[in-house]
Each structure stands twice: as C-alpha cells, then as structure tokens.
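Before any comments, here is the structure.
One is the number of the first residue; the rest follow in order along the sequence. Bear in mind the structure is a predicted one, so any value in this text is a computation, not a measurement.
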Amino acid sequence: MRVTENEQDLAFELPEHTVTQLNELVRMGRFRSHQIAVAAAVERLYAEECRSLNTRQKALARVCGALRLGSTTESLRDAEYDRLDWESGQR
C-alpha cells in the first residue's frame, strides 16, 4: 500500500462476509480499490455517528427545556465531573 503524508498503514482482520462484501464492491467497479472502499465506509460511518450524536444532543436539550430543569450542556458536564470525582473517592 502506498503511504503519503496523509495516509497511514493499517493492518487488521475482517470477518469473511465483510471481505466478501468489500470484494464485491470493488468487483462491481463502485470503488477502484479496497482501500478506497474502506475509506468511504469510514467517512460515511463517521458522518452518521456525528449526525446521531447531534440529534441526541438536540433531543436532550428539548427534553431539558420541556421539563424546565435548567440543565445546560455545561451544567450536565459539570455534574458528570462531580460524579466522577465522587466515584473516584469511593474506591
């Protein structure tokens, strides 16, 4: 595999069915190489995870606002830090 400044060599094992699917994507011509197909999959997964996180954060903000808890992202973060501090002292 060619490595440039922006690329890194990775080696890992994939389940057989995943390799079969990857081979099929390349064979169909959708992607020129396995590397490009894997990169596209990771980009799509990352984008979806970011959208999902954003959706959950917005839902939490709506719930907090609807319940008038006065919770903000900052107050929730502070509460989490307090909980972690408390738990670390309990061990």
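- Through direct or indirect side-chain contacts shorter than 4.5 Å among Ile, Leu, Val, Met, Phe, Trp and Tyr, Met28 is connected to Leu25, Phe31, Ile36.
- Hydrophobic clustering of Ile, Leu, Val, Met, Phe, Trp and Tyr side chains at less than 4.5 Å, counting indirect connections, keeps Leu45 apart from Leu53.
- Cluster annotation: Leu22 is connected to Val42 through the hydrophobic network of ILVMFWY side chains, with a link wherever side-chain heavy atoms come within less than 4.5 Å.
- Electrostatic pairing of Arg83 and Glu80 counts as a salt bridge here, judged by a charged N lying under 4.0 Å from a carboxylate O.
- Within the model, atoms OG1 of Thr55 and CG of Leu60 stand 12.5 Å from one another, a figure rounded to the nearest 0.5 Å.
- Linking ILVMFWY side-chain heavy atoms closer than 4.5 Å, directly or via other members, places Tyr81 and Trp86 in two distinct hydrophobic clusters.
- Side-chain N/O atoms of Ser52 and Arg56 include a donor and acceptor closer than 3.5 Å.
- Sorted by first and then second residue, the salt bridge (charged side-chain N to carboxylate O under 4.0 Å, His left out) pairs involving residues 25-43 (not counting sequence neighbours) are Glu24-Arg27.
- Residues Val26 and His34 approach most closely at CG2-N, 3.7 Å, considering heavy atoms.
- Listed by chain and number, the residues in a salt bridge (Lys or Arg N to Asp or Glu O under 4.0 Å) with Glu48 are Arg51 (sequence neighbours excluded).
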